[in-house]
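Here's the structure, in structure tokens; my notes come after.
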Amino acid sequence: MIDALLGALPHAFAPSSLLAVLIGTIAGLLVGALPGLTVTTGLAVLIPLTFGMDPLFALGMMAGMYNGGSYGGAIPAILLRVPGTPASVATLMDGYEMTKQGKAAYALQVAVVSGVIGSVLSALALIGLAPLLVKLSLMFGPAEYFWVAVLGLATVASLLGDDLLKGVMAAFIGLLIGTMGTDLATGTERYTFGRLEFAEGMDIVVLLTALFAIPPVIQMIETAGHKGMSKELLNLRKQGSVLKDWRRFLPIWMRSSVIGIIIGILPGAGGSMSCYLAYNDAKQRSKDPDSFGKGNPDGVAASECGNGADNAASLIPALSLGIPGSGVAAVILGGLLVHGLRPGPQLFSEHPDIVYGFMLQMLISAVLLYFVGGLAATRIFGQVLRLPHVVLAPLILMFVAIGVYAVNNSTFDLYMLLGIGLIAYVMERLDYPSPPVILGVILGPIAEGQLSLALTISGGHPLALIASPMSLIVVTLTLLILALPIWGRWKKRALA
């Protein structure tokens, strides 16, 4: 392994490789920052363009886009309350509140530093711990994956808002939407209303964008004036130093990175779950959990660090076993196949210079993100808020519509965007939180599919769900997460 890694160093640090990583990082920032577009979409567009290129040059662009797009989604989430990617939903809850308090620059600084730390540690895990982590992932079967999904759903407790009943109802709405589409076990269509567009379920990009992009646009229209955000409020000059505050953030960075890496290496469990779990962990361990959702930088740090730590880790089972840890990792697998590289153990023996070079490129892009994302992107995208609302609202709506239409080239998606967006606006006016909806949509199908598979394998015996030690560990963690809020409320009442 060490010999292969040393042999890949000249290839990874070659000028052409560094240029590819730089191009990919900038493109990823743009894709992530544009509402409606996702890293998956950007990679899907990029891969055909790399056909015929040198494999390491093409993979360098993919590595840069992966890490760049991961952080890029935090920029509109913090500045506009519009999540650029699904994983940035947890970031906006505290990030946008910090912007309203005139702390936009500090929020972006927290986001980029936390994302870089998570991405760097994730890349190091990919390089140094791949064999060990692959063995760990092999210990997970359908029953274990079911409990991991339930563990993710348990984090809804940290996203419910002030009204418990409304938060639970929002989560159930998400679970209900997640049942739309074709049941893979029986082939039965559920809640498709005879529309072919619903056969594969509700498009997550359309739903995400409608829930979080349309309501703020409508609010901008309601309060439209001739002035944009004031120069004093949108202060993008340096506001303190995150690196000087490292003692405050270090425990959050370490815990969130571990969470992101573990979730990343679980095939099919990666993506948005890591940022929610990291956010929940930070909130539960905080001395002031009530400040979360009201502009606490710890929430931004946890979400972005967990999000970054998921990136390279999700490639561990993808490169070693051919099993992607996330949707983005699945697209990168397609990119490998386009260049004649078959994922699996043979990839490490037949093309060590390329596979280890790609791992190093993930590390390089994570470091590069601090300079490109921390300086250029913040200044460029931050000035958008200076525009008057009468100009900004239609611009956001235009980019959102373009991004949603580009996913499937479907006008039906635009109708859904408008319809769901109006419903989301009504929900917001009635104080129903939106994050639990997304969490239910993402994790509901995972839990259902793995539960069905586990019961099928066991012949319908429910005790099979807790038959393994790993299942018991995850169940215990789930119960602890559910018990912590109850304990906190009981303790608060006892002190009162």
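Sequential numbering from 1 along the given sequence is applied to the chain's residues. Heavy atoms only: backbone and side chains are in, while hydrogens, waters and symmetry mates are out.
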State, with a plain yes or no, whether a side-chain heavy atom of [X] is found less than 4.5 Å away from one of [Y].
X      : Y      : answer
Met65  : Met62  : no
Tyr425 : Ile214 : no
Leu18  : Ile364 : yes
Val112 : Phe371 : no
Met359 : Leu315 : no
Asp281 : Ile259 : yes
Gln450 : Trp147 : no

Donor-acceptor contact below 3.5 Å, side chain [X] vs main chain [Y]:
X      : Y      : result
Ser303 : Cys275 : no
Asp94  : Gly293 : yes
Ser256 : Trp253 : no
Ser122 : Ala312 : yes
Ser365 : Gln361 : yes
Gln101 : Lys294 : yes

Minimal non-hydrogen separation, [X] against [Y], with atom names:
X      : Y      : value
Ser274 : Gly260 : CB-CA, 3.9 Å
Thr411 : Tyr405 : N-CE1, 3.9 Å
Gly95  : Ala107 : O-CB, 4.2 Å
Ala125 : Ile316 : O-CD1, 4.1 Å
Ala170 : Val437 : O-CG2, 3.3 Å
Pro297 : Gly295 : CD-O, 3.4 Å

First locate atom [atom1] of [X], then atom [atom2] of [Y], and finally report the distance between them rounded to the nearest 0.5 Å.
X      : Y      : atom1 : atom2 : answer
Leu59  : Thr50  : CG    : OG1   : 8.0 Å
Tyr415 : Ser410 : OH    : OG    : 9.5 Å
Thr91  : Met98  : OG1   : CE    : 11.5 Å
Leu22  : Ser17  : CG    : OG    : 11.0 Å
Leu29  : Asn67  : CG    : CG    : 10.0 Å
Met169 : Leu430 : CE    : CG    : 10.0 Å

Which of these passes side chain to side chain contact (heavy atoms under 4.5 Å, CB included) with Leu363: Leu126, Leu121, Val120?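 One option only clears the test, and that one is Val120.
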Do the side chains of Glu200 and Arg195 get close enough for a salt bridge, i.e. N-O under 4.0 angstrom?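 Here Glu200 does not pair with Arg195 in a salt bridge, since their nearest N and O are not under 4.0 Å apart.
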Lys/Arg-Asp/Glu bridge criterion (N-O < 4.0 Å) met for Asp298, Arg248: yes
Could you walk me through whether Trp246 and Val113 satisfy the side chain to side chain contact (heavy atoms under 4.5 Å, CB included) test, starting with their C-alpha distance in whole Å, then the side-chain angles of each, then the deciding distance to 0.1 Å, before giving a yes or no? CA-CA 10 Å; Trp246 65 272; Val113 172; over 6 Å; no
Thr25-Tyr66 side chain donor-acceptor pair, cut-off 3.5 Å: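 The criterion, which ignores hydrogens and geometry beyond distance, is not satisfied for Tyr66 and Thr25.
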Between the side chains of Ser70 and Asn307, does any donor sit under 3.5 Å from an acceptor?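 Indeed, the side chains of Ser70 and Asn307 share at least one donor-acceptor pair under 3.5 Å.
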Does the side chain to side chain contact (heavy atoms under 4.5 Å, CB included) test come out yes or no for Met202 and Met416, once each step is laid out? CA-CA 10 Å; Met202 179 69 71; Met416 292 302 300; 3.7 Å; yes
Of all residues at least two apart in sequence or in a different chain, which pass the side-chain contact (heavy atoms from CB on, under 4.5 Å) check with Ala111?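 Scan of Ala111 (side-chain contact (heavy atoms from CB on, under 4.5 Å), adjacent residues dropped) gives Tyr71, Ala74, Ile78, Val300, Glu304.
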Check the pair Leu46 / Leu43 against side chain to side chain contact (heavy atoms under 4.5 Å, CB included), numbers first and verdict last. CA-CA 5 Å; Leu46 174 66; Leu43 286 169; 4.3 Å; yes
Apply side chain to side chain contact (heavy atoms under 4.5 Å, CB included) to Asn280 and Tyr276, showing your working. CA-CA 6 Å; Asn280 177 76; Tyr276 284 118; over 6 Å; no
According to ring pair (Phe, Tyr, Trp, His ring centres under 6.0 Å), who are the partners of Phe412, at least two apart in sequence or on a separate chain?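 Ring pair (Phe, Tyr, Trp, His ring centres under 6.0 Å) check on Phe412 returns Phe198.
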